[in-house]
2 protein chains.
Amino acid sequence: MSNADGAAGVQSVDRALTILERLARSGEAGVTEIASELGVHKSTAFRLVATLEAHRLVEQTEDRGKYRLGVGLLRLAGATTARLDLVQEARPVCRQLASETGETVNVAVLSESSALYLDQVAGSSALQPHNWVGQHIPLHATSNGKVLLSGLSRQECDAVLSKMSAYTPTTITTKAKLRAELDQVREQGYALAVDELEVGLTAVAAPIRNVHGDVVASMSVSGPTFRIGAERVEEITGKVVEAAEEVSHRLGWGHR
Amino acid sequence: MSNADGAAGVQSVDRALTILERLARSGEAGVTEIASELGVHKSTAFRLVATLEAHRLVEQTEDRGKYRLGVGLLRLAGATTARLDLVQEARPVCRQLASETGETVNVAVLSESSALYLDQVAGSSALQPHNWVGQHIPLHATSNGKVLLSGLSRQECDAVLSKMSAYTPTTITTKAKLRAELDQVREQGYALAVDELEVGLTAVAAPIRNVHGDVVASMSVSGPTFRIGAERVEEITGKVVEAAEEVSHRLGWGHR
DNA sequence: GTCAGCGTTGCTCATGGCGCAACGGTAGCC
DNA sequence: GGCTACCGTTGCGCCATGAGCAACGCTGAC
């Protein structure tokens, strides 16, 4: 058992799952390509892929074609979020918010020192934005991240923050500035991020609280900066705060 | 090689994936429980689960606790939806439907208070209809529009509906009548429009759903009213519903 | 205290998975 | 057109590897 790096256990299962991750990264790949990356014979890779295919976790683009991720994953992921009542309660509210604003709505939680995006409802705009679901995004560069941080104590916050990389010229990179920002977030009840993760991307987020009042998640509306100008920010802010409060209520916070 | 049902290939991978499906169905389970269902020793089940855990596809509720699906699945599913393009997935199904019925097939989505037509496949008839792709069409006067509206809540529906102009004598122009119509659409799973947008134009539409079951688009068959009489409506309805369900499946919805 | 059941872990053996080589098909290139 | 090169796919035989066994630490019920 030459268990060098972290993932191990059952070799063939490990390899199969590595294939899934590989396909998630690059879109699609052929058997030979996969085999050489895994360092196994292509017949081995083929059998692994065939087993994944039998469970609809991958599918081939055409007969004798390349392979890509399959719809079976959607079902599994659906079951994953279905057990989180947060997502269940938030979804109708998200849809309503997305339809009112026409922009993309996301729900994120704190996970391992970053923001984990749990759900996304696309806005009505024809061009689809990038899908964030399942991704871990840095806390200091997003509106959701700021909201999630604003629910932590100073010590917890320090523990969670590692290095704060600059993604754009306006990314907050010092703890002092971030603390001031978080104070503001706590005071006004929402967070704003303009061009901080990506130039041209604006987002507004508000906290979702559980029955005890703890910040358990964050809900955001995001879209291109050219479409979300100063005056729309104000309108959207009101709506996202209201929506997040509605979800908080459904989770038992406030009562009335 | 005593595998009864379809899935086979690499045994341990097959078992691991079966565990995922099992967890998707029932929420969470312990090692012993899983082992007995798979018909293997619990140490075997444990190692499979541990490998899945190393890739974050499952997680345990607490130390030495039960197992459930993990967040790694969200990431994989996110990568899947990124490549899922409605038009691309729908196109082969549309072509088949157009060739079976001989009429024109359209795919539309909700956009800015109207139905936006994304794709069209012309029927085999010599008489070609005009091209709807890219056009915004009123929601209350088309079968596609009714289907798209039927997926909205009452508030969302009201927010989206502006004034309901009459295009023909049979156009629905009151909210009460439209609501009754939408209830019927929801119940029967398709929408019909005869001479409502244009005299002499009949269309039948059915909903396309995403993995969550949300109505994300609508697929319609349309043609001259003289060619689509009462008896053909019945035949066409079945086919368009079936086709829309096929596309929904490709987008991850349902699976039996 | 006892017992039963859980998740977890060395150990050992045979079985299931791997590499090999060959096949059929396709695309590109002289 | 024939040739080459490479693709995904498949039977076969050997041995690494994954399965079963049994024991351990732990928790909770009685």
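A, B, ... follow the sequence lines: proteins, then strands. Residue 1 opens every chain.
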**OP:** Starting at atom CZ of A:Phe46, determine the distance to atom C1' of C:dG25, rounded to an integer number of angstrom.
**Re:** 14 Å
Subject >> Interatomic distance, A:Leu48 CG vs D:dG18 P [rounded to whole Å] >> reply: 11 Å
Original post:
To the side chain of B:His41, which of D:dG20, D:dA19, C:dC20 is closest?
Top reply: D:dG20
Original post:
Can a donor-acceptor pair under 3.5 Å be found between the side-chain atoms of A:Arg47 and the base atoms of C:dG16?
Top reply: no
Original post:
Roughly, in whole Å, what's the span from CD in B:Gln60 to C1' in C:dG7?
Top reply: 8 Å
Subject >> Under 3.5 Å side-chain donor-acceptor pair for B:Asn131 and B:Tyr117 >> reply: no
Original post:
Counting just side-chain N and O atoms, does A:Arg15 come under 4.0 Å of either OP1 or OP2 of C:dC18?
Top reply: yes
**OP:** Give the rounded distance in Å between these two atoms: CG of B:Asp14 and P of C:dG16.
**Re:** 13 Å
Original post:
Which value, rounded to the nearest 0.5 Å, describes the distance between B:Ile208 atom CD1 and B:Arg250 atom CZ?
Top reply: 11.0 Å
**OP:** Using a strict 4.0 Å threshold on nitrogen-to-oxygen distance, state whether A:Glu33 and A:Arg22 make a salt bridge.
**Re:** yes
Original post:
Hey, is the side chain of A:Thr32 pairing donor to acceptor with the base of D:dC6 inside 3.5 Å?
Top reply: no
Subject >> Nucleotide of C:dG17, D:dT9, C:dC18 approaching B:Gln11 most closely (side-chain heavy atoms) >> reply: C:dG17
Subject >> Integer-rounded Å distance: C:dC18 P and A:Ile34 CD1 >> reply: 14 Å
Original post:
From A:Arg15 CZ over to B:Thr51 OG1, what is the distance, rounded to the nearest 0.5 angstrom?
Top reply: 12.5 Å
**OP:** Would you mind telling me which residue lines up with the more 5' stretch of DNA chain D, A:Val13 or A:Lys66, judged by nearest nucleotide?
**Re:** A:Lys66
Original post:
Of all the nucleotides listed (C:dG7, D:dA19, C:dG17), which has the minimum atom distance to the side chain of A:Ser12?
Top reply: C:dG17
Original post:
Counting only distance, no hydrogens or angles, is the base of D:dG8 paired donor-acceptor with the side chain of A:Lys42 under 3.5 Å?
Top reply: yes
Original post:
Taking atom C1' of D:dG8 as reference, at what distance in whole Å does atom CD of A:Glu33 sit?
Top reply: 13 Å
Original post:
Within the structure, does a side-chain N or O atom of A:Tyr67 lie under 4.0 Å from either OP1 or OP2 of D:dT9?
Top reply: yes
Subject >> Separation of atom CD in B:Glu28 from atom C1' in C:dC6, rounded to whole Å >> reply: 14 Å
**OP:** Check if the side chain of A:Ser43 and the base of C:dG19 share a donor-acceptor pair of N or O atoms closer than 3.5 Å.
**Re:** yes
Subject >> B:Arg68 and B:Leu23: CA distance, side-chain angles, deciding distance, side chain to side chain contact (heavy atoms under 4.5 Å, CB included) verdict >> reply: CA-CA 6 Å; B:Arg68 63 184 180 197; B:Leu23 291 177; 5.5 Å; no
